[in-house]
2 protein chains.
Amino acid sequence: MVISLKDVAARAGVSVKTVSNVVNGYRHVTPATRQRVQQVIDELGYRPNLTARHLRKGRTGIIALALPELGNPYFAELADAVISYAAGLDYIVLLDHTNGRRDQEVLFAQGFRARLIDGLILSPIELENEDLLARGHDAPLVLLGEREYEAPYDHIAIDNVAAARTATRHLIDLGRRRIAFLGARHGRARQTAHLRLRGWREVLAEAGLPHGDALVATTDGYAREDGAQAMARLLDSGASPDAVFCYNDLVAIGAMRALSERGLRVPEHVAVAGFDDIEDGRYCSASLTTIAPHKQAIAQAAVDALIDRLDGDDEAKHAAPRHIRPGFALVRRESTLGKP
Amino acid sequence: MVISLKDVAARAGVSVKTVSNVVNGYRHVTPATRQRVQQVIDELGYRPNLTARHLRKGRTGIIALALPELGNPYFAELADAVISYAAGLDYIVLLDHTNGRRDQEVLFAQGFRARLIDGLILSPIELENEDLLARGHDAPLVLLGEREYEAPYDHIAIDNVAAARTATRHLIDLGRRRIAFLGARHGRARQTAHLRLRGWREVLAEAGLPHGDALVATTDGYAREDGAQAMARLLDSGASPDAVFCYNDLVAIGAMRALSERGLRVPEHVAVAGFDDIEDGRYCSASLTTIAPHKQAIAQAAVDALIDRLDGDDEAKHAAPRHIRPGFALVRRESTLGKP
DNA sequence: GCTGTCTTTTACATCGTTATACAGCATCGG
DNA sequence: CCGATGCTGTATAACGATGTAAAAGACAGC
């Protein structure tokens, strides 16, 4: 049998509201009453019905986190961070994945699961600016990740161009001269890949090094397999790079695999740098040099921004959209430095 | 402004219930009424308040999936499978992590988030049998993963002893004679690690090969780092194995890293086999031979079992606990076979 | 026209909780 | 001793949906 406030109230000989007051730690309850009610609560094993509470309060304390996929360790690690941090602020995170498909991303932006969730943190891949502008829904939305938008929403993203520049500069400083980029993408210029590609190109141009399309390999996705295929294509094309900067760590890991299959050693023949700092990278045969976005900071900024809109005062709620740029660091490892 | 059934009803000039009927596709509504109501719904952009619906129906359509951690790709991949499969059956999955801590696992088993979720799929690490028996809560519970329990709950797990036997047998068949086990654990005999250790020991004993404690390395956890440390310890101890069977792929990846740091080659000097078949394993410098539990089947069995208890007829609801053993396969790769 | 049957629509109660407004009762200062 | 004040506790009305039961309407057959 399911116990409700009413049952506790009857048994304790008080009103329903008094029990509610005890449950919620309301101040003005005599110790005697409180104790008696608490005892009945324990006795009957009462637990609040969250659904009813949500209805009454108009809030659920649930925020959704919509990521492209959990299979990518970067997103899994990020999800972990968001869930943990939100839990500390008494928010429950509902994790969803969009598979990076525009229709699914639009669905979430449009208010899928409306009023089950109080707000949404969305990490879009394909979503377009117009999709956001057409948003008919008013639950707070925080955008995550590197794409740039002009719609009026809080946005958390590290500076991708700067990060790509840092990584590429590192490869140049090591004396590499033919530095390829792995993981470009056809299509619109706002994509994350374009930002990283831009950083790569800028630095190479400044250094007077080759940065033509011959050194750029496109991929369909950003998984290990895409990296392996792209690297193989690049090698077949005769571009003969002495370093590659990859869109992300997964692509880099795939690339390293393709290199090793051809008997090329990392970093002796080809230095490899990635992006994301996923745990795997530290345990590759040549541990992976990479850009480490501060995931903890990203998770916190996203949750804080969202909760500000939810719980903040009116000023916070209607403040202009914020663009927050958490930090990043270049982590130098064996894939560029070689074994100690 | 938030639109409710009431608003639509007022505007359309019908009762609230009629609007509800239209929303729910109830049969006995004249096409004329239906159309008129539908138009107002579209006009006002009405969306049902899920919270109210949940309260009234006593069900939320949300099931929780409590896993140790998302940082382990095996669990991330499994979560992905569960979420996708459940979505196809119109269930929402609320993902939680327990960090493999007993107190957190108990919390979930005890009905944390009661009545926000309809049921729970729990993958315990430290949870004890007595914790389950003391369960005061009645929402359906499905146990996931390899630990064995005697409490009356559905349980989905592959046959760990058989799987460990298969992997160890494979190493023997390759001619290895000093086969170590990495990732044993102190403590109670029901732990998953003990099952895998048992399979390893049985096969070695049958083959008349050494299987003493000198060839067993314990770990505190099951992360890459634990594997690396354990492997290093084993090598320092002078056990000089020519193969290792690891508790899981992460431990195996850590072990391979430790081997390569000492200049030992895989599989020439030491063959390595893991467990889980995580994506990473395919892209290691020597791709990882491993036991591949059929994740899709596990996810489906877990969700099906839970939903049977939720939506099934009375017979299904009160059927005896089921123990389902999805299949597994040995995937032979370079870490035991060598490069082609 | 009336009854009976079937369809369509409605009014109302209800899910379990919290908010509101107020009643009862001390306590306190004057 | 009285009114003001503050603390406790209560009754009742929401929150927004759906289930129930019954009213209203439509239509056939006699």
Side-chain angles (χ1 to χ4, degrees), chain A residues 1-41 44-62 90 111 113-118 139 311, chain B residues 1-38 40-41 44-62 90 111 113-118 137-139:
Chain A
M1 148 145 187
V2 181
I3 308 296
S4 75
L5 281 186
K6 212 164 99 181
D7 304 309
V8 177
R11 176 95 158 237
V14 295
S15 79
V16 171
K17 186 67 213 292
T18 299
V19 182
S20 168
N21 285 340
V22 171
V23 170
N24 291 294
Y26 181 65
R27 244 196 306 271
H28 302 302
V29 180
T30 24
T33 313
R34 184 183 298 280
Q35 200 202 334
R36 183 157 39 97
V37 171
Q38 189 59 52
Q39 194 178 338
V40 177
I41 287 177
L44 298 182
Y46 165 78
R47 329 198 98 217
N49 182 324
L50 298 181
T51 297
R53 185 178 284 175
H54 294 165
L55 172 60
R56 177 64 238 217
K57 294 205 151 190
R59 300 276 234 74
T60 60
I62 302 178
D90 285 328
R113 291 185 183 162
R115 267 157 275 169
L116 168 60
I117 59 173
D118 294 340
D311 296 338
Chain B
M1 151 152 182
V2 180
I3 308 295
S4 76
L5 280 188
K6 212 162 97 183
D7 304 309
V8 177
R11 176 95 159 236
V14 294
S15 78
V16 170
K17 188 67 213 292
T18 298
V19 182
S20 169
N21 286 340
V22 170
V23 171
N24 291 294
Y26 180 65
R27 245 195 303 271
H28 302 301
V29 179
T30 36
T33 313
R34 185 182 299 279
Q35 202 203 331
R36 183 157 39 99
V37 171
Q38 189 59 54
V40 177
I41 287 176
L44 298 181
Y46 166 79
R47 329 196 101 218
N49 181 324
L50 297 181
T51 296
R53 187 179 279 174
H54 294 163
L55 172 59
R56 179 63 239 224
K57 295 209 152 189
R59 299 277 232 74
T60 60
I62 303 178
D90 286 328
R113 288 181 188 167
R115 269 158 274 170
L116 167 60
I117 59 173
D118 294 340
H137 191 63
D138 56 354

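Between the CG atom of B:L116 and the P atom of C:dG16 there is a distance of 16 Å, given to the nearest Å. As a whole-Å value, the separation of A:K57 NZ from D:dG16 P is 16 Å. Separating the NE2 atom of A:H54 from the C1' atom of C:dG16 is a distance of 12 Å, rounded to the nearest angstrom. For the pair B:L55 CG and C:dG16 P, the interatomic distance rounds to 7 Å; values are reported in whole Å. In this structure, A:L50 places its CG atom 18 Å from P of C:dC15, rounding to the nearest Å. Taking atom CZ of A:R34 as the reference point, atom C1' of D:dT8 lies 11 Å away to the nearest angstrom. Atom CD1 of B:I3 is separated from atom P of D:dG16 by 11 Å (rounded to the nearest Å). In this structure, B:L5 atom CG and C:dT14 atom P are separated by 20 Å, rounded to whole Å.
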Identify the pairs formed between an N or O of the protein and an N or O of nucleotides 22-24 of chain D at a distance under 3.5 Å, and give each distance.
none

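Applying the side-chain contact (heavy atoms from CB on, under 4.5 Å) rule to B:L50 yields the partners A:L116, B:R53, B:H54; only residues at least two apart in sequence or on another chain are considered. For the side chain to side chain donor-acceptor pair (under 3.5 Å) test, no residue two or more places apart in sequence or in another chain qualifies with A:Q35. The salt bridge (Lys or Arg N to Asp or Glu O under 4.0 Å) check on B:R59 picks up B:D118, B:D311, with sequence neighbours excluded.
With A:R47 contributing its side chain and B:A114 its backbone, the two residues share no donor-acceptor pair below 3.5 Å. A distance-only check finds a donor-acceptor pair linking the side chain of A:N49 to the backbone of A:T51 [under 3.5 Å]. For A:R36 (side chain) and A:A12 (main-chain N/O), a donor-acceptor pair under 3.5 Å exists by modelled atom type. A:D7 places no side-chain N or O within donor-acceptor distance of the main-chain N or O of A:I3, the cut-off being under 3.5 Å.
For the segment residues 14-29 of chain A, residues with any heavy atom less than 4.0 angstrom from an atom of DNA chain C are, sorted by number, A:V16, A:K17, A:S20, A:N24.
Comparing D:dA17, D:dC15, D:dT18 by their nearest atom to the side chain of B:K6 picks out D:dC15. The side chain of A:T30 sits closest to D:dT8 out of C:dT17, D:dA17, D:dT8.
Taking 4.5 Å as the limit, every side-chain heavy atom of A:R34 sits out of range of all side-chain heavy atoms of A:N21. Contact of the A:V40 side chain with the A:Y46 side chain is not registered, since no non-hydrogen atoms from C-beta on lie closer than 4.5 Å. Looking at heavy atoms from C-beta onward, A:T30 lies in side-chain contact with A:T33 at the 4.5 angstrom threshold.
Using a 4.0 Å heavy-atom criterion, one finds that B:T33 contacts the sugar-phosphate atoms exclusively.
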Next on the checklist: Go through it in stages, so that I can follow the logic: the residues are B:V2 and A:R115, the test is side-chain contact (heavy atoms from CB on, under 4.5 Å), and I'd like the CA-CA distance, side-chain angles, deciding distance and then a yes or no.
Outcome noted: CA-CA 10 Å; B:V2 180; A:R115 267 157 275 169; 3.0 Å; yes
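Residue B:K6 comes nearest to B:V16 through the heavy atom pair CA-CG2, 4.0 Å, listed as atom of the first residue, atom of the second, then distance.
Remark: the A:R56 side chain and the C:dT17 base include no donor-acceptor N/O pair separated by less than 3.5 Å.
The side chain of B:R53 places an N or O atom within less than 4.0 Å of a non-bridging phosphate oxygen (OP1 or OP2) of D:dT18.
End-to-end axis angle for the helix from C:dG1-D:dC30 to C:dG30-D:dC1, using five pairs per end and rounding to 10°, comes out at 50°.
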